[in-house]
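Below you'll find the structure, written out as structure tokens, and then a few comments.
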Amino acid sequence: MLYIGVDLGTSAVKLLLMDQDGKIQNIVSKEYPLYFPHPGWSEQKPEDWYEQTMAGIEELIKDSDKSQVAGISFGGQMHGLVILDEKDEVIRPAILWNDGRTSEECDYLNNVIGKDKLSEYTANISFTGFTAPKVLWVKNKEPENFARICKIMLPKDYIAYKLTGVHCTDVSDASGMLLFDVKNRCWSKEMCEICSVKEEQLAKIYESYETVGTLLPEVADKLGLPASVKVAAGAGDNAAAAVGTGTVGDGMCNISLGTSGTIFISSNKFGVDKYNALHAFAHADGHYHLMGCMLSAASCNKWWMDEIIGTTDYAAQQKEIDKLGENHVYFLPYLMGERSPHNNPNARGTFIGMTMDTTRADMTQAVLEGVAFALRDSFEVARSLGIQIERTKICGGGAKSPLWKKMIANILNLKVDVIESEEGPAMGGAMLAAVACGEYADVEAAAAKIVKVVDTVEPDPELVAKYEARYQQFKEIYPACKALFDKIV
């Protein structure tokens with residue numbers, strides 16, 4: 001049988017076709033526009049997602065036996081606010097995860113309602129990217145649109161609705177809304193009341209591997225697929241990527257170097273750190289996870305290469321870097337503000353330590369190291385909870401760089417496992433579809449069969465020691481700059 005994984009990303013939808021053994025048959029990517037109507041705002045049109053997803057599926061399966069397609073599932077960009085009216089039509093463009101307009105609403109939630117209450121209700125505090133403050137923003141700034149809301153959805157769930165007619169979401173994606181009681185895997189009545197949301201305006205909750213429905217007849221006809229094709233709930237992109245890298249079960253770790261950067265630690269038990277510096281979310285495997293998320297990771301390197309240096313040959317620039325652990329230049333990678341662990345939308349990208357003999361290679365090195373140091377900030381929070389991690393998987397576009405993987409192994413003092421098919425959320429989505437169709441007993445069984453480690457980057461004790469000293473300096477820079485960031489915004 002064949003299974004389709006749909007990774008609804010920020011710049012494109014990536015679609016993957018996988019057989020029952022985990023072998024990839026085809027991959028297709030379709031781009032769509034991203035809109036910035038005001039500085040700090042980020043929006044997309046859900047209709048574009050659906051149009052490109054349908055076109056992508058048609059292209060993905062055109063040379064395959066369509067009768068063998070058994071299931072479809074998703075990994076999707078998290079936190080985005082999609083609102084539908086009484087006719088299930090989109091009311092306004094979706095407000096995305098990296099949109100920073102909700103500072104006032106976050107201040108209200110964190111400081112008036114209170115972080116302690118938010119953590120009690122949802123296991124998390126408010127971040128500008130989360131969905132609940134976006135709902136409040138629409139209520140405060142666009143009351144005419146707020147009054148029309150019949151359904152509040154997340155990006156990938158809009159696609160699932162268009163395919164099946166079912167208003168659904170999954171526990172991992174719902175965890176990032178700040179409307180969800182993570183510990184008890186249900187909507188939070190208290191948060192709904194705070195945000196003036198009725199529970200019937202929210203979708204039905206499923207586990208990520210559960211079937212929500214089958215293809216609508218008209219969708220099946222258009223795609224040339226059987227109407228019996230099952231659609232599974234899927235997961236938020238980070239949880240789906242974790243499934244795709246085999247980061248399931250207790251005490252596993254995955255680092256993602258995509259547009260954003262995450263450190264993802266799976267756990268069989270629910271847990272929250274006392275400062276809520278890490279997100280405490282439900283996992284796609286039926287359990288839980290802790291996650292540190294930085295808003296700019298591989299996108300920092302892309303910005304530095306594309307906009308500042310003016311090159312697309314990233315590898316050539318990295319070849320000049322040969323003195324790891326000895327760089328005196330530091331870079332704070334907060335080009336879009338920061339989430340974990342600082343929760344500060346006013347934080348900014350910053351170089352410090354340049355002298356007359358500083359080279360372009362030094363600054364390129366600082367950008368790569370800055371992202372790794374910032375990931376370690378979140379990892380230190382996990383360590384403070386007594387979580388012992390010795391190795392991690394790695395995925396995302398940045399993971400294609402051998403140099404960056406070496407830096408991460410030594411800055412975090414972890415063994416970095418490289419897997420055979422690093423296809424992130426799309427692979428995880430296909431695996432969840434396979435579980436929903438009964439191909440595997442559960443998510444852990446699917447991961448054990450499909451995910452294969454082909455290389456490991458080992459930390460070097462001498463380099464670990466050098467980077468330890470550098471990290472101790474790095475972590476003093478943000479506190480020293482914080483007050484200035486608030487003034488220059």
Side-chain angles (χ1 to χ4, degrees), residues 1-8 14-28 53 56-57 60-76 156-157 159-160 163-164 166 168-173 206-215 219-220 223-237 239-249 252 254 266 282-287 393 395 419-453:
M1 304 305 290
L2 299 172
Y3 302 96
I4 295 173
V6 179
D7 173 14
L8 190 74
K14 177 180 175 182
L15 304 106
L16 179 148
L17 186 65
M18 179 191 86
D19 69 15
Q20 67 272 11
D21 297 319
K23 185 178 179 182
I24 297 170
Q25 303 295 310
N26 197 13
I27 295 174
V28 168
T53 297
I57 292 175
L60 185 76
I61 61 176
K62 70 178 190 299
D63 297 323
S64 300
D65 181 351
K66 297 179 178 61
S67 69
Q68 292 297 299
V69 176
I72 301 174
S73 193
F74 315 90
K156 77 174 192 333
D157 302 329
I159 305 301
L163 294 179
T164 65
V166 178
C168 58
T169 192
D170 84 285
V171 293
S172 71
D173 216 357
Y206 294 82
E207 292 292 336
S208 301
Y209 48 81
E210 288 184 326
T211 300
V212 303
T214 54
L215 292 179
V219 173
L223 295 173
L225 289 172
S228 59
V229 170
K230 291 183 178 181
V231 178
D237 52 5
V243 171
T245 60
T247 310
V248 296
M252 302 290 282
N254 180 56
S266 59
H283 192 7
D285 65 357
H287 300 294
K393 307 280 181 46
C395 66
I419 60 174
E420 184 177 47
S421 298
E422 193 287 282
E423 297 298 343
M427 188 71 180
M431 290 165 65
L432 290 169
V435 175
C437 291
E439 194 74 60
Y440 295 95
D442 52 37
V443 177
E444 289 187 52
K449 173 69 181 295
I450 293 171
V451 179
K452 298 176 177 65
V453 174

Step by step, would you call Met427 with Ile24 a side-chain contact (heavy atoms from CB on, under 4.5 Å)? CA-CA 9 Å; Met427 188 71 180; Ile24 297 170; 4.2 Å; yes
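Looking only at distances, no side-chain donor or acceptor of Tyr3 sits under 3.5 Å from a matching main-chain atom of Leu16.
Considering NZ of Lys452 and OG of Ser421, their distance stands at 8.0 Å, rounded to 0.5 Å. The structure places NZ of Lys449 at 8.0 Å from CD of Gln20, a figure rounded to the nearest 0.5 Å. Expressed to the nearest 0.5 Å, how far CD1 of Ile57 lies from CG of Leu215 amounts to 8.0 Å. Within the model, atoms CG of Asp285 and OH of Tyr209 stand 8.0 Å from one another, a figure rounded to the nearest 0.5 Å. Rounding to the nearest 0.5 Å places NZ of Lys23 at 13.0 Å from CE of Met18. Expressed to the nearest 0.5 Å, how far CD of Glu420 lies from CD1 of Ile450 amounts to 11.5 Å.
A 4.5 Å side-chain heavy-atom check between Tyr206 and Val166 finds at least one atom pair inside the cut-off. The shortest side-chain heavy-atom distance between Val443 and His283 does not fall under the 4.5 Å cut-off. For the pair Val243/Val248, a side-chain contact is recorded, criterion being any heavy-atom separation below 4.5 Å from C-beta on. Within the 4.5 Å cutoff, the side chain of Phe74 has heavy atoms near those of the Val231 side chain.
For Glu210, the side-chain hydrogen bond (donor to acceptor under 3.5 Å, both in side chains) criterion is met by no residue, not counting sequence neighbours. Qualifying salt bridge (Lys or Arg N to Asp or Glu O under 4.0 Å) partners for Asp65, counting only residues two or more places apart in sequence or in other chains: none. In this structure, the side-chain contact (heavy atoms from CB on, under 4.5 Å) partners of Asp7, at least two apart in sequence or on a different chain, are Lys14, Pro425, Ala426. Asp170 is linked by a salt bridge (Lys or Arg N to Asp or Glu O under 4.0 Å) to Lys156, counting only residues two or more places apart in sequence or in another chain. The side-chain hydrogen bond (donor to acceptor under 3.5 Å, both in side chains) check on Asp63 picks up nothing, with sequence neighbours excluded. Under the side-chain hydrogen bond (donor to acceptor under 3.5 Å, both in side chains) criterion, Asp442 pairs with no residue at all, not counting sequence neighbours. Under the salt bridge (Lys or Arg N to Asp or Glu O under 4.0 Å) criterion, Glu444 pairs with no residue, sequence neighbours left out. Applying the side-chain contact (heavy atoms from CB on, under 4.5 Å) test to Met252 and every residue at least two apart in sequence or in another chain returns Thr247, Ser266, Lys393. Remark: Lys66 pairs with Ile61, Leu225 by the side-chain contact (heavy atoms from CB on, under 4.5 Å) rule, at least two apart or across chains. Partners of Ser64 by side-chain contact (heavy atoms from CB on, under 4.5 Å), not counting sequence neighbours, listed by chain and number: Leu2, Leu17.
Residues Val435 and Ala446 approach most closely at CG2-CB, 4.0 Å, considering heavy atoms. Between Cys437 and Ala70, the shortest heavy-atom distance links the atoms SG-O, 3.4 Å. Taking all atoms of both residues into account, the shortest heavy-atom contact from Val6 to Leu15 is CG2-CD2, 3.9 Å. Residues Ala233 and Asp157 approach most closely at O-OD1, 4.4 Å, considering heavy atoms. The minimum heavy-atom distance linking Ala445 with Ala441 is given by the pair CB-N, 4.3 Å. Shown here for Gly244 and Ile419, the closest heavy-atom pair between the two residues is O-CD1, 3.8 Å.
With Val229 as the partner, the side-chain contact (heavy atoms from CB on, under 4.5 Å) test is satisfied by one option alone out of Thr214, Leu223, Ile72: Ile72.
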